[in-house]
Amino acid sequence: MKHQDATPSRGPGQDRTGHERSGPPRPPDAERTERELADALHALAGGVLPDPDAYRTARGEWLRRERRRRLVLAVLVAVVFALATLIGLWVLNQAPAEPGVIFSGDGAAAADGPSLPRPPG
């Protein structure tokens, strides 16, 4: 089954009433002006020559940016690593100096106390 629009299709040159649409009037010498402009632009583009070492210059700038990016990344990684190490050492240094309950050594060892009876056998 095919869907069709209820409004009839108008051509690109018709307005809502179905009459031909006319654009703004063109000056009488528009074609000559366009041709002269195209010729002038073509001559201008033909006169542009690339710098002989433009590729070498662009490649050098790219390599310089790449080295700088890697250096900045290495410095950033070193700073983050140093900060993490310093923070870890500081946190470990903040532990209480007196021994905790687990490491006090005041109680008897667990193996010295009463054990479960052995099964017969």
Side-chain angles (χ1 to χ4, degrees):
M1 186 169 197
K2 210 176 186 185
H3 174 74
Q4 291 182 347
D5 194 3
T7 59
S9 174
R10 294 188 297 264
Q14 295 178 350
D15 61 8
R16 291 184 180 197
T17 60
H19 297 96
E20 280 298 316
R21 198 181 312 174
S22 63
R26 291 178 55 109
D29 57 348
E31 288 81 19
R32 185 178 62 84
T33 304
E34 288 176 3
R35 187 174 10 91
E36 288 176 358
L37 182 60
D39 292 341
L41 288 175
H42 184 68
L44 181 65
V48 174
L49 297 175
D51 192 15
D53 57 333
Y55 174 75
R56 188 178 307 122
T57 304
R59 186 173 184 269
E61 289 176 10
W62 179 80
L63 288 174
R64 214 171 8 260
R65 281 193 304 262
E66 184 70 17
R67 277 193 304 269
R68 186 176 201 176
R69 183 187 66 83
R70 288 183 181 182
L71 179 65
V72 167
L73 184 63
V75 168
L76 185 64
V77 166
V79 166
V80 168
F81 182 77
L83 273 175
T85 303
L86 289 174
I87 290 172
L89 289 174
W90 178 77
V91 167
L92 287 175
N93 195 30
Q94 297 301 315
E98 66 275 352
V101 175
I102 297 174
F103 303 110
S104 67
D106 295 340
D112 293 342
S115 64
L116 296 173
R118 289 186 179 205

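Owing to the predicted nature of the structure, the values given are computational and were not obtained by experimental measurement. We use all heavy atoms of the structure for the numbers below, so side chains are in, but hydrogens, waters and symmetry mates are not. Along the sequence shown, residues carry numbers from 1.
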Give the table of side-chain donor-acceptor pairs shorter than 3.5 Å for residues 45-63, with sequence neighbours excluded, one pair per line with atom names and distance.
residue : atom : partner : partner atom : Å
T57     : OG1  : D53     : O            : 2.9

Worksheet item: Apart from L37 itself, what residues make up its hydrophobic cluster, given side-chain heavy atom links below 4.5 Å?
Response: L41
Response to the item:
Under a side-chain separation threshold of 4.5 Å, the hydrophobic residues clustered together with I87 are W90, V91
Throw together a table of side-chain donor-acceptor distances under 3.5 angstrom for residues 69-83, partners on residues two or more places apart or in other chains.
residue : atom : partner : partner atom : Å
R69     : NH2  : E66     : OE2          : 2.7
R70     : NE   : E66     : OE2          : 3.4

Worksheet item: Which residues satisfy the side chain to side chain donor-acceptor pair (under 3.5 Å) test with R32, sequence neighbours excluded?
Response: D29, E36
